[in-house]
There are 2 protein chains.
Amino acid sequence: MPGPPWSHQRLRNRGFRLTLPRQAVLNIFNQNPRHLTAEEVFFLVHRNYPGIGLATVYRTLNLLTQMRLIHKFNFGDGRNRYELASKFKKKYHHLVCVQCGKIIDYDSPTEKEADSIKEIEKELVNKYKFKINSYQIHFYGICKDCQNKQGGE
Amino acid sequence: MPGPPWSHQRLRNRGFRLTLPRQAVLNIFNQNPRHLTAEEVFFLVHRNYPGIGLATVYRTLNLLTQMRLIHKFNFGDGRNRYELASKFKKKYHHLVCVQCGKIIDYDSPTEKEADSIKEIEKELVNKYKFKINSYQIHFYGICKDCQNKQGGE
DNA sequence: ATAATAATGAAAATCATTATCAATATAATT
DNA sequence: AATTATATTGATAATGATTTTCATTATTAT
Ligand SMILES: [Mn+2]
Ligand SMILES: [Mn+2]
Ligand SMILES: [Zn+2]
Ligand SMILES: [Zn+2]
């Protein structure tokens, strides 16, 4: 376990404290690459720290989102999902199966795509004077499994 | 006013009726290019048809979404937003100001972008056997107005 | 130590959305 | 036209996710 990491500094620099609940939540994300709901985070945290309450989990998720240590997604199923922000990866592409709700990461954009996005960003700056912080692409469709199950008719 | 339009047929073909509330909601979208929340739709409908209830608006929004006559978006502010589906336009790109919440349409993708997306789709089909129905791109950042207001520090 | 401030947990409150259910409207059948 | 079956509606209650409240506890500054 390394000393005060990345996240520690980012919080402290803005006057927040890296408390036990906050560390616990961050640990969950470090161990878990998935797109966790608040409730899922709560349960996972709860295994090691039964004392930590759901409200604190929500508060922590909001804080970490503001600090950009995690990213918040909504895939249209009525609950938000969170994922650790990578220092390196800046692209958040997801395939969402509209049948079973499965979410697949697609984090390997081609050169061509990266170029294309940069181009769009340029256009947005020029046209709308809009300063882009981040972007998400959601692809909606039918996953492999669901195609096999229902492809009949 | 033309006869039974596009939307009429699409509903009837699947056994649904094009009732007054449903027409009223569709009219709102035809007159209003924005990204309306359910409540906004309700208020706008209410001006002409005070009898139509909020529950029916929600039901209608869900139905029209399933029929793909409108599209549903969630920009992370806790409520869903809806927009008329165009027969032609198949791209739904939005700029979301994380400061003021403003949503700007960006519906003029370049050739290059279109190509790039097609390429990605191909990759997704190959790699994940995922069949894509639609996609959305959300750009998050700071709009022109908010840059001017807060750009100082 | 002491005082000031931030963070927490439990519970209540809020907000958007959905489900229930009796009443009404529409379509199909006689 | 009358009758039956089916779909839709409005009002209201219920739900589920998230936020707020508030008294208590932990952390930091003095
Ligand atoms: Mn992901
Ligand atoms: Mn739009
Ligand atoms: Zn699936
Ligand atoms: Zn703005």
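Chain letters run A, B, ... following the sequence lines, proteins first, then strands; residues in each count from 1.
- An OP1 or OP2 oxygen of dT17(C) is reached within less than 4.0 angstrom by no side-chain nitrogen or oxygen of N62(B).
- The separation between F16(A) atom CZ and dT28(D) atom C1' is 15 Å, rounded to whole Å.
- One can place CG of L63(B) at 11 Å from C1' of dA7(D), the figure rounded to the nearest angstrom.
- When rounded to the nearest whole Å, the span between NZ of K72(B) and P of dT18(C) equals 6 Å.
- Looking at the side chain of R79(A), the nearest of the listed nucleotides dT18(D), dG10(D), dT17(C) is dT18(D).
- Here T19(A) reaches the OP1 or OP2 of dT8(C): one of its side-chain N or O atoms lies under 4.0 Å away.
- Between the OH atom of Y49(B) and the P atom of dG10(D) there is a distance of 12 Å, rounded to whole Å.
- Among the protein residues, R22(A) comes within range of the sugar-phosphate backbone only, with heavy atoms under 4.0 Å from sugar or phosphate atoms but none that close to a base.
- Atoms OG1 and OH, on T65(A) and Y82(A) in that order, are 5.5 Å from each other to the nearest 0.5 Å.
- Side-chain contact between V25(A) and V41(A) is present, with at least one heavy-atom pair separated by less than 4.5 Å.
- As rounded to whole Å, 16 Å separates atom C1' of dA17(D) from atom CG of L36(A).
- In this structure, the CZ atom of R59(A) is 11 Å from the C1' atom of dA6(C), given to the nearest Å.
- Residues H35(A) and H94(A) bring their aromatic ring centres within 6.0 Å.
- Taking CD1 of I70(B) as the reference point, atom CD of E83(B) lies at 10.0 Å (rounded to 0.5 Å).
- For dG10(D), one of the phosphate oxygens OP1 or OP2 lies less than 4.0 angstrom from a side-chain nitrogen or oxygen of T56(B).
- Atom C1' of nucleotide dA26(D) and atom CG of L18(A) are separated by 14 Å, given to the nearest angstrom.
- Candidate nucleotides dT17(C), dA10(C), dT9(D) were compared by shortest atom distance to the side chain of Y58(B), and dT17(C) ranks first.
- Residue contacts for R17(B): at a heavy-atom cut-off of 4.0 Å it reaches a base atom on one of the strands shown.
- In this entry the distance linking CD of E40(B) with P of dA16(C) reads 11 Å, nearest Å.
- For dA27(C), the OP1/OP2 oxygens have a side-chain nitrogen or oxygen of R12(B) closer than 4.0 Å.
- Positionally, the nearest nucleotide of DNA chain D for L54(B) lies more toward the 5' end than for the other of L54(B) and G78(A).
- Taking 4.0 angstrom as the limit, N80(A) places a side-chain polar atom (N or O) nearer than this to OP1 or OP2 of dT18(D).
- Residues that satisfy the ring-ring contact (aromatic ring centres under 6.0 Å, His included) test with F139(A), not counting sequence neighbours, are Y135(B).
- Heavy-atom distances to DNA chain C give each of R81(B) and A55(A) a nearest nucleotide, and the one nearer the 5′ end belongs to A55(A).
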